[in-house]
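Below you'll find the structure, written out as structure tokens, and then a few comments.
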Amino acid sequence: MTHLELTGSKMEVGTMEYPFGAIERKWQRLWKERRIVQAGDGLPKPKYYVLSMFPYPSGILHIGHASNYSIGDAITRLKMMQGFNVMQPMGYDAFGMPAENFAIAHNTHPRITTEESVTAMRHQFERMGFALHWDREVSTCRPDYYRWGQYIFKKLYENGLVYRKKSFQNWCVRCQTVLANEQVENGACWRCHTEVEQKELEQWYFRITRYTEELLDFSHVTDWPERVILMQKHWIGKSEGVEIIFPLQDDSRSITIFTTRPDTVYGVTFMALPPEHPLVQEWLEKEPDNQELHEFCHRVINKDKIERSTENTIKEGIFSGRYCINPLNGDRVQVWITNYVLIEYCTGAVMAVPAHDQRDFEFARKYDIPMKIVIQNPQQDLVIREMDAAYVEPGIMTASAQFDGRDSESAKHDIGKWIEENNWGRITSAYRMRDWGISRQRYWGCPIPIIYCDECGVVLVPDSDLPVVLPDEVQVGKTTQNPLLSVPDWINVPCPQCGKPARRETDTMDTFVDSSWYYARYTDPHNDQMPFDPAKADYWLPVDQYIGGIEHACMHLLYARFIHKFMRDLGWVKCDEPFARLLTQGMVLKDGAKMSKTKGNVVDPQYIIDRFGADTLRVYLLFASPPDKDVEWNDEAVMGSFRFLNRVWRLFETHTDLIVSGIMEGKKSDPAIPAIDADPNISGEFAHLRYMTHRCVKRWTEDCLNRMQYNTAITAIMELLNAIIAIKDTSDISPAEKAIFASACQVLPQLLYPFAPHLAEELWMLIGADNLLNDSGMPRFDERWLVLDTITYVVQVNGKIRGKLELPSDTTEQEIKTKALEVENVQIHIEGKTIRKIIVIPGKMVSIAVV
RNA sequence: GCGAAAGUGGCGGAAUUGGCAGACGCGCUGGACUUAGGAUCCAGUAGGUUUUACCUGUAGGGGUUCGAGUCCCCUCUUUCGCACCA
């Protein structure tokens, strides 16, 4: 753990700073008592639902959490000031392999460690001063939560969105479980980075592919980063093309392929099938003596799926001895079994056009398969013998019957139609995304509510028997297989249908299932009749502002959208998307790298909170960079935030009486607008302070509400503070000046509230407020005071600044031109030259073009 | 390879629509005060020169414009995502 370079002993001899510890604890207590987060269901106020991705309860509040929730809490407090009925709930994504692995390593039970961690984390969240609605806390590992996960599984099943399939799966040896495609990164487990192997298993799948088209449609989100939308679209990977049926020669069956290049269909010279293809499997059975074929297929199938699907794998194949017919031109086409076709994608078969596809080209060259040019390069005629790569660009069609001479790109659609008209196939789309495998062979997860009966087959657990409670009395880690297999009392149950002995499913669900609907559970977290009351969900959903890491772009955020759309189809929710606005916050880096225990560059937020306060940490995290960018941790710069808060504290401490009486003075002049406006005849530094006050409030408002750029909002506060402190002598000032000074100070607590709520609340009270800041409304500014009497014009000659000009704001354009030309330094630069043009930008500058 | 985002002082980063580049903070330099400190206050801080001023400067090169960090074209670098997807 890297601490600040500062030692504890130095702390003790340091000078006084504001008593943040006492202040923070006091307000944390008071907020809890006064329940500042309202979150009343259906309150007659506009609602605002702020949600930060719930954490895995590691027991330690990581700096990344601190950053994530500081953003969420800033938004929460802003929305409270705006008068919204705000909900900011918190819970725990508590199932999963880390808890189980930790329990194995420490010879304990995941339930014990998880609950301990939850308690520890709740304290740390409170110490950060987040305005969280603890009444709504959920934890996915508790039966009152996962009961409804099982219920949703059943609903999915009943709607044909769940199925079981045996196939080769990504298998992590370390985690002893299957991983979804989304959870494999560069051929390794996303969690433990162990290399993923292939294992044939029977698995439960969610048919997310039924929603592909809708998942591609982002028209119902209010504000999502373009980057995330693009990543999801890419992940779903829609390609438009044509499915074509190639009949086998001397056989009643056929091979269906998908292609995005129907324009090359006249150039097909072979078919490429993967060994897993049903036809190939059939041929293997028919020809038990074909040693070569058996050996090849066996070898390819058992090769690591990841390894097989990389570009640099050497293409291999074996001729099946069979042919099929190209329906468009009657060509006889060789059928090959290859290692470069993926069974999972589309129809699991490829029409090979070696002249116009690089992969097919390489393969055809290797095995001496004929090539046929059907797209000509308009620049230079292609000759097969001279080609050293496939010609994949568009061009002019040739040897393609009635399409000869046409531009290949524009002919694509007509060929598709021609194929449809002749019943050779159809125009369709293909998707990269596969169904979501949710089975995990681990103990610490939500049990799948399925029972296997010899008589009745696969039987759903009846609603009345839910939840299927995860048995606690399990020896975790004693076996290399699923620990649930060692609990016969739990596994062996009577069949709910026929009553005969049956067995429970021992797979548990991927934890991403748990997190796919938690945001909806928060709207009605204690409901024991249904997952949530649709009326309550209708009030709160969609989540107005969701905050989380980019790493979930193609996992959690995609799964949650899928489940949400399913719940909408059931009528449980009305909106089309779960998360209206999404903010992907950056990581906290140290020395340019992600913090990690192994690198030893972890900063402990608790250490900072104990020494400099939660307010300091929060201000630092938000000030260091915009919320969606990474924050570079810097020990020294944290001190800057601490000093800033200290300066604010000192200002209020030294001038308490002045501010309080100044506020009274301001109220006298205009009771409707407290303090902020006073004598219009003010000039000099107080006029400037008044201008700065209104300017900073305006900038803060825009940065907070429109731009969500809290670093510049904090900058605006610092600038106002500097402007106030710049006034050195307050001993002998007029009542109007006093009111201006006070109004500048009075607005500070409001401006600080989203970022440093404890100090802000303390100062608000100090200057005599009778409400809490969440009820104080938004700080106000008045355009009247943003209009300056004089404007500084910049004068450019040929684009270079040659002078400045102070002019009354009502100067006419003609006068401005005249004055600009009179500036001494301007005259030097235009002397002896011809003025071609003078451009006046009102309120800003004069640009003179000379030759 | 494909797709996307980004490149600004010693550092984090500002510059909202093309209009004073470097706000704000850190660090640094000098000074004041002193209870000798991670305190506070004052001055300075893009680089350069012949310093009331001028020149150069937002990865590099070109272009549009009275005017470009911002718009257009090319190149380079970095980061991220996808990667035999037919």
Side-chain angles (χ1 to χ4, degrees), chain A residues 4-7 10-11 13-17 186 225-228 230-231 233-235 237 239 241 257-261 264 272 308-313 315 338-342 344-353 357-360 362-363 430-433 550-551 553-554 611-612 619-620 623-626 629-644 646-647 650 699 702-703 706-707 709 711-712 714-719 721-722 725 728 792-802 804 824-825 828 836-839 841 843-850:
Chain A
L4 285 178
E5 301 298 319
L6 325 160
T7 63
K10 274 183 176 177
M11 269 295 291
V13 290
T15 47
M16 273 311 290
E17 56 246 357
N186 299 322
E226 203 52 42
R227 183 162 158 233
V228 177
L230 233 96
M231 278 169 74
K233 283 186 175 173
H234 211 100
W235 186 264
S239 318
I257 60 89
F258 173 84
T259 182
T260 54
R261 292 293 304 273
T264 65
R308 200 172 127 197
S309 63
T310 51
E311 212 169 347
N312 31 17
T313 303
K315 290 170 183 55
T338 72
N339 68 340
Y340 75 95
V341 176
L342 307 172
E344 302 95 332
Y345 187 64
C346 299
T347 61
V350 168
M351 70 170 206
V353 186
D357 182 284
Q358 187 55 31
R359 296 154 298 183
D360 301 342
E362 285 166 29
F363 192 84
Y431 303 89
R432 212 186 72 97
M433 185 174 66
I550 184 78
E551 67 273 16
C554 294
R611 276 151 195 83
F612 308 107
V619 166
Y620 172 72
F623 176 64
S625 73
K629 289 217 185 111
D630 291 344
V631 174
E632 173 67 33
W633 183 266
N634 180 330
D635 291 348
E636 304 292 328
V638 175
M639 293 305 300
S641 298
F642 185 56
R643 281 200 289 265
F644 163 59
N646 268 295
R647 278 204 298 276
R650 271 199 306 275
R699 277 187 48 194
E702 281 172 5
D703 287 345
N706 305 338
R707 300 209 302 154
Q709 196 169 296
N711 55 332
T712 46
I714 293 168
T715 294
I717 308 172
M718 287 174 170
E719 282 175 354
L721 177 68
N722 291 346
I725 290 175
K728 291 294 167 206
T792 307
Y793 278 86
V794 174
V795 187
Q796 287 186 354
V797 178
N798 281 354
K800 289 194 193 292
I801 294 152
R802 297 303 180 193
K804 288 186 183 183
E824 195 182 335
N825 196 37
I828 294 167
R836 232 176 49 189
K837 208 195 269 189
I838 303 176
I839 295 158
I841 309 295
K844 278 185 179 159
M845 68 184 315
V846 184
S847 187
I848 303 164
V850 295

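In what follows, chains are A, B, ... by sequence order, proteins preceding strands, each numbered from 1. Just so it is clear, the model here is predicted, and its values are computed rather than measured.
Heavy atoms of A:Glu719 sit under 4.0 angstrom from primed sugar atoms or phosphate atoms, though from no base atom. Here A:Asn706 lies out of heavy-atom contact (under 4.0 Å) with every strand. Residue A:Lys728 is in sugar-phosphate contact alone, with no base atom involved, counting any heavy-atom pair closer than 4.0 Å across all strands shown. Here A:Asp360 lies out of heavy-atom contact (under 4.0 Å) with every strand. In this structure, A:Ile841 reaches the bases: a heavy-atom distance under 4.0 Å links it to at least one base atom across the strands shown. Here A:Asn711 lies in heavy-atom contact (under 4.0 Å) with sugar-phosphate atoms only. A:Lys804 comes within 4.0 angstrom of a base, heavy atoms only. Residue A:Ile801 is classed as a sugar-phosphate contact, given heavy-atom separations below 4.0 Å to backbone atoms only. No contact: A:Val850 has no heavy atom under 4.0 Å from any strand. Residue contacts shown for A:Met231 are limited to sugar-phosphate atoms, with no base heavy atom under 4.0 Å away. Across all strands, A:Gln358 comes closer than 4.0 Å to no nucleic acid atom at all (heavy-atom distances). Backbone-only contact: A:Gly640 has heavy atoms under 4.0 Å from sugar-phosphate atoms and none from a base.
Taking atom CZ of A:Phe642 as the reference point, atom C1' of B:G37 lies 13 Å away to the nearest angstrom. Rounded to whole Å, the distance from CD1 on A:Ile714 to P on B:G13 is 14 Å. Regarding A:Asn634, its CG atom lies at a distance of 11 Å from the P atom of B:C28, rounded to whole Å. The nearest whole Å value for the distance from the OH atom in A:Tyr620 to the P atom in B:G13 is 9 Å. The CZ-P distance, from A:Phe623 to B:G13, rounds to 11 Å in whole Å. Between A:Ile848 atom CD1 and B:C66 atom C1' the separation is 10 Å, expressed in whole Å. Atom CD of A:Glu632 is separated from atom C1' of B:A6 by 17 Å (rounded to the nearest Å).
Residue A:Arg707 places at least one side-chain N or O closer than 4.0 Å to OP1 or OP2 of B:A15. Under 4.0 angstrom from either OP1 or OP2 of B:A86 there lies no side-chain N or O belonging to A:Arg432.
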| Taking it one step at a time, do A:Ile257 and A:Val350 satisfy side-chain contact (heavy atoms from CB on, under 4.5 Å)? | CA-CA 5 Å; A:Ile257 60 89; A:Val350 168; 5.6 Å; no
| task | Any chance you could lay out the side-chain contact (heavy atoms from CB on, under 4.5 Å) test for A:Leu721 and A:Arg647, step after step, and finish with the verdict? | result | CA-CA 8 Å; A:Leu721 177 68; A:Arg647 278 204 298 276; 3.8 Å; yes
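Place A:Gly799 and A:Gln796 on RNA chain B by their nearest nucleotides, and A:Gln796 ends up nearer the 5' end. Between A:Met718 and A:Lys800, the residue anchored closer to the 5' end of RNA chain B is A:Met718, taking for each the nucleotide with the nearest heavy atom.
Taking a pair as Watson-Crick or G-U wobble with both distances under 3.5 Å, the runs of three or more consecutive pairs in RNA chain B are B:1-7 with B:76-82, B:10-12 with B:24-26, B:27-32 with B:40-45, B:46-49 with B:53-56, B:59-63 with B:71-75.
Not a single donor-acceptor pair under 3.5 Å links the side chain of A:Tyr620 to the backbone N or O of A:Gly640.
A donor and an acceptor atom never sit less than 3.5 Å apart when one is taken from the side chain of A:Lys844 and the other from the base of B:C20.
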